[in-house]
J.: 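Got a structure for you, written out below as structure tokens; questions coming shortly.
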Amino acid sequence: MSISTKYNPKEVEKKWYESWMQRGFFHSEPNPNKEPYTIVIPPPNVTGVLHMGHMLNNTIQDVLIRRARMQGKEACWVPGTDHASIATEAKVVALLKERGIEKKDLTREEFLKYAWEWKEKYGGIILEQLKKLGASCDWDRTRFTMEDDLSAAVIEVFVDLYRKGQIYRGVRMVNWDPLGGTALSDEEVIPKDTMAKMYHLNYEVVAEGAAAPTYITVATSRPETIMADVAVAVNPNDERYMHLHGKSVRIPLLGKEIPVILDEYVSIDFGTGALKVTPAHDLNDYELGQKHKLPTIDILNNDGTLNEQAQLYVGQDRFAARRNIVKDLQEAGLLVKIEEYASVLQTSERTGAVIEPRLSMQWFCKMDKMAGPALESVMNDEIRLHPPKFKNMYRSWMENIRDWCISRQLWWGQQIPAYYLPDGSFVVATTAEEALVLARKESGNENLQLSDLRQDEDVLDTWFSSWLWPISVFDGFKDPDNKDILYYYPTNDLVTAPEILFFWVARMIMAGYEFRNEMPFKNVYLTGIVRDTQGRKMSKSLGNSPDPLDLIDQYGADGVRAGMLFSSPAGNDLLFDEKLVEQGRNFSNKIWNAFRLIKGWEVDESLPCPNETAIKWFDSRFNEAFAQIEDHFSKFRISDALLAVYKLVWDDFCSNYLEMIKPAYQQPIDKQTLDTTIDYLEKVLKVLHPFMPFITEEIWHDLKARKDKEYLIVAAWPKKDKFDKQVIDTMESVLNIVGSVRNIRNSKNIPNNKQLDLFIKVMNHDHYEPFFGVMRKLANLGEVQYVQESIDGAISFIVSGDEFFIPMEGNIDLDAERERLTKELEYTKGFLLSVDKKLSNERFVSGAPESVISNERKKKADAEAKIKAIEQSLASL
RNA sequence: GGGGUGUUAGCUCAGCUGGUUCAGAGCACCUGCCUUACAAGCAGGGGGUCACUGGUUCGAAUCCAGUACGCCCCA
């Protein structure tokens, strides 16, 4: 038989993925005889392509879902995509631009037509990429946040919340791009470090009957906004300005009187310690203005020119106005000085224009009521965050929650179902027709027509559809009692990144309680961010992110999956190194070769089984490791679970078990050993399958002929079983003995093929006999036997309190041996001293629990025995 | 500025209720091996003042306080 010494993942992966799909293993239907296990995918942007973050995230979900499926649960992983209004609209705009089409020349309908065309053509590539990773999603259930049913749910929820008084209109500061004529999200704003100028201006203090005018100097980077000033603020503790408390000042040039207000917000050391307050044109000033109930004067037009409110420089661009006012101020003698300082300039990602903070009317969703149950369920562990350290962060955010701005000045998304009447009032309804009925009723004007109503131009924030995701993918709004939602909801586990804990996770929890009176999921597993080896976030602009598909191509999906999970505990960032994936690939190869070895054996049914001890040991060892693996899973320690499987396969199964039972070259194996070994390999494949689905399925089928649906993907997950700790412990000692022998070979340059003899002088154990065979095989020993006395002319070592001798036929370096033994003797004596010290401390003996004390006594006895043995050996040298 | 969180081997991290699985794993490194499953491998080995300072305790990597540095989220 010839099987390649290297595992070749390419065709294997394609073959099994297709095969799993064909047989419908990924598909789920409600089954009352089975326990449901449900995951909804965090929907990636429909425009997105697979990046390393998706890889990690979806590998974890696939591990969880595959394990649940093997456990016999009705496993359902719902995939889908998010319409991502900002990102998608930006891509469509860019694409149209390449074709010479400007968005502003299109109507809303024309633009949306292009957008949908584009979505149909390029959208959802990412889902195809997930298949390459092996993701076992139920593709029949693929959903999209902007498909009809899901959009209908969004509108329904909006109307519902509006009627409950949870949605209102209000003013908010937005990032305005005067060149693009649009508001931008924070993500679309690029901060640029620049040198800016700080202008120091004199505001005249209003003082009746003063002989000469006195001034207060205010520092500002934006002198052209002084016409929008409504106050000057100083810190109440600032000694320089005590005399101004309760006074007023005049705006330079304009002469308008404004109050001096006191607020600790003003930092005494920055600028002159006096701050002009311009609520319409600065976020901090806006908040200050709200706090002190000051008016808001907006002096800018959409395109960045000054309007009538400014009174001066009307019609001029903000930068031209700045130049002019500086000149005028200078001439008026009110400009004290100009300073250069390092500042951060906010610019538009798309037009490069300097961002103008601007007040605008937006829609908000109240959060305080919904936050209550959402906070409580996490605090009392109804919903568990993994790792739990995120609970604190969650709490502080939820306790200081702000209302949610849900409107966006875009076209791609669900248009807000608010309809304006000609008089400026509005009604909210699911359709225009319903809106008309409402509008007629509320206005008392029965003559109103559809054409008199104007729907709000804005669309809803994308999160306003994704917060409904766990409910809407099962049509829980359209049909609240359908069998899917009743069966699959609440879902089990959610796997996502901590950076969207608030944007998304918290809001889904709120929506769950608000609309279904039930949590949306029981566990939230928070992954870390995938970074490069220097700890930098992976990003397109840095070019430090490998293409996941290239990696799969090069190392195989199984190798990449394992690589991603090595060293990525929950909540910790993953410093991605291609070496990890290499390790994953090497692991694939290791398993492959173990399979090759077993597959290559000829069986001789007449042979007796010489491997009882090894067989008994691995059975116990498997059960012990399996219990650890299950424990890791129960705590969502996926990385640790994989590492435990890794060691079980590599160390226990390959390095130890297979070496113990391996027949000599070209010798046949007995039937019992072979059958048991195949059973063991199957068990190992099972626990490995969630992590490395392809190679395990391949070996599963190569190992034996299988019936039609007898696939590993649906094979029964092992059950916890008892294990013999004694056998495991003894084998550990045996492996230590073997290690010591090998070490001696190594240090004495004794070739592996030269047999050595071993004599055991038992102190504590006399149960090594069943393990003699294992020792002989692994250490290449000839004679192995118990003795009563030390052996002269032998190298000795101690394992678990017993002394072992290897006769050396005179080629012992006596000095070296004496030195080694002396060293060990000294160490042991020191150890004994520390134990004695502890035991003679009365407070320890009276204070420590009995078990700790008896343990110390045992340590003392062991150490004393060891010292005696070493001393004897030294004497015999 | 507010809140959170972290610092253990060269790197990435475990270490759960303070006490023999307490200083551990993987990778990297060093030495020797192409020994018929695997050089993508085998065997062996070296390496840490558990950030710093103090406290609690019979006993601290572990609990508490402070300091330094880092990261995350919000503003």
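Throughout, a chain's letter reflects where its sequence line sits, starting with A, and its residues are numbered from 1.
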J.: In this structure, how many angstroms lie between the C1' atom of B:C16 and the CG atom of A:Asp631, rounded?
T.: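 Those two atoms, CG and C1', are 9 Å apart.
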J.: CD of A:Glu499 versus P of B:C73: gap in Å, rounded?
T.: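 Spelled out: CD on A:Glu499 to P on B:C73 is 7 Å.
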J.: Given B:C13, is OP1 or OP2 found less than 4.0 Å from the side-chain N or O atoms of A:Arg637?
T.: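 A:Arg637 to B:C13 OP1/OP2: no side-chain N or O under 4.0 Å.
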J.: When you check the phosphate oxygens OP1 and OP2 of B:A37, does a side-chain N or O of A:Lys662 lie under 4.0 Å from one of them?
T.: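 Checking A:Lys662 against B:A37: at least one side-chain N or O falls below 4.0 Å of OP1 or OP2.
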J.: If the test is ring-ring contact (aromatic ring centres under 6.0 Å, His included), which one of A:Phe595, A:Phe622, A:Phe618 qualifies with A:Phe653?
T.: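 The option that passes is A:Phe618.
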J.: Starting at atom CD1 of A:Ile500, determine the distance to atom P of B:C74, rounded to an integer number of angstrom.
T.: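 The answer, rounded to whole Å, is 12 Å.
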J.: Ignoring hydrogens and angles, are the base of B:A40 and the side chain of A:Arg585 linked by a donor-acceptor pair under 3.5 Å?
T.: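 Answer is yes: a donor-acceptor pair is held.
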J.: May I ask you to check whether over 12 heavy atoms, not counting those of A:Lys725, lie within 6.0 Å of atom NZ?
T.: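 It does: A:Lys725 NZ has more than 12 such atoms within range.
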J.: Can you see if the side chain of A:Asn586 gets near the phosphate of B:G41 - specifically, an N or O under 4.0 Å from OP1 or OP2?
T.: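 For A:Asn586, the contact criterion (side-chain N or O under 4.0 Å from OP1 or OP2 of B:G41) is met.
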J.: What about A:Glu659: does its side chain form a donor-acceptor pair under 3.5 Å with the base of B:A37?
T.: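 Such a pair is found, so the answer is yes.
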J.: Could you state the atom-to-atom distance from CE of A:Met393 to C1' of B:C73 in whole Å?
T.: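 Whole-Å distance recorded here is 6 Å.
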J.: How close or far is atom P of B:G44 from atom CZ of A:Phe797, stated in whole angstroms?
T.: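 Computing the A:Phe797:CZ to B:G44:P distance gives 13 Å.
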J.: Let me know the distance between OH of A:Tyr646 and P of B:C38, rounded to the nearest Å.
T.: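 Going from OH in A:Tyr646 over to P in B:C38 covers 18 Å.
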J.: Do the two ring centres, one from A:Tyr394 and one from A:Trp397, sit under 6.0 Å apart?
T.: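 No, the ring centres sit 6.0 Å or more apart.
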J.: Between A:Asn752 and B:C33, is there a side-chain N or O to OP1/OP2 distance below 4.0 Å?
T.: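 For B:C33, OP1/OP2 do not have a side-chain N/O of A:Asn752 under 4.0 Å.
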J.: Between the base of B:C27 and the side chain of A:Lys579, is there any donor-acceptor pair under 3.5 Å?
T.: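 Check fails, no donor-acceptor contact within cut-off.
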J.: About how many Å separate CG of A:Asn736 and CE of A:Met731, when rounded to the nearest 0.5 Å?
T.: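 Rounded to the nearest 0.5 Å, the CE-CG separation comes to 12.0 Å.
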J.: To the nearest Å, how far apart are A:Arg596 CZ and B:C38 P?
T.: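 Between P of B:C38 and CZ of A:Arg596: 6 Å.
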J.: Figure out the NE2/P separation between A:His632 and B:C16, and round it to whole Å.
T.: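 Atom-to-atom, A:His632 to B:C16, this comes out as 13 Å.
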J.: So, A:Phe587 versus A:Tyr646, ring centres under 6.0 angstrom or not?
T.: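 Centroid separation for A:Phe587 and A:Tyr646: below 6.0 Å.
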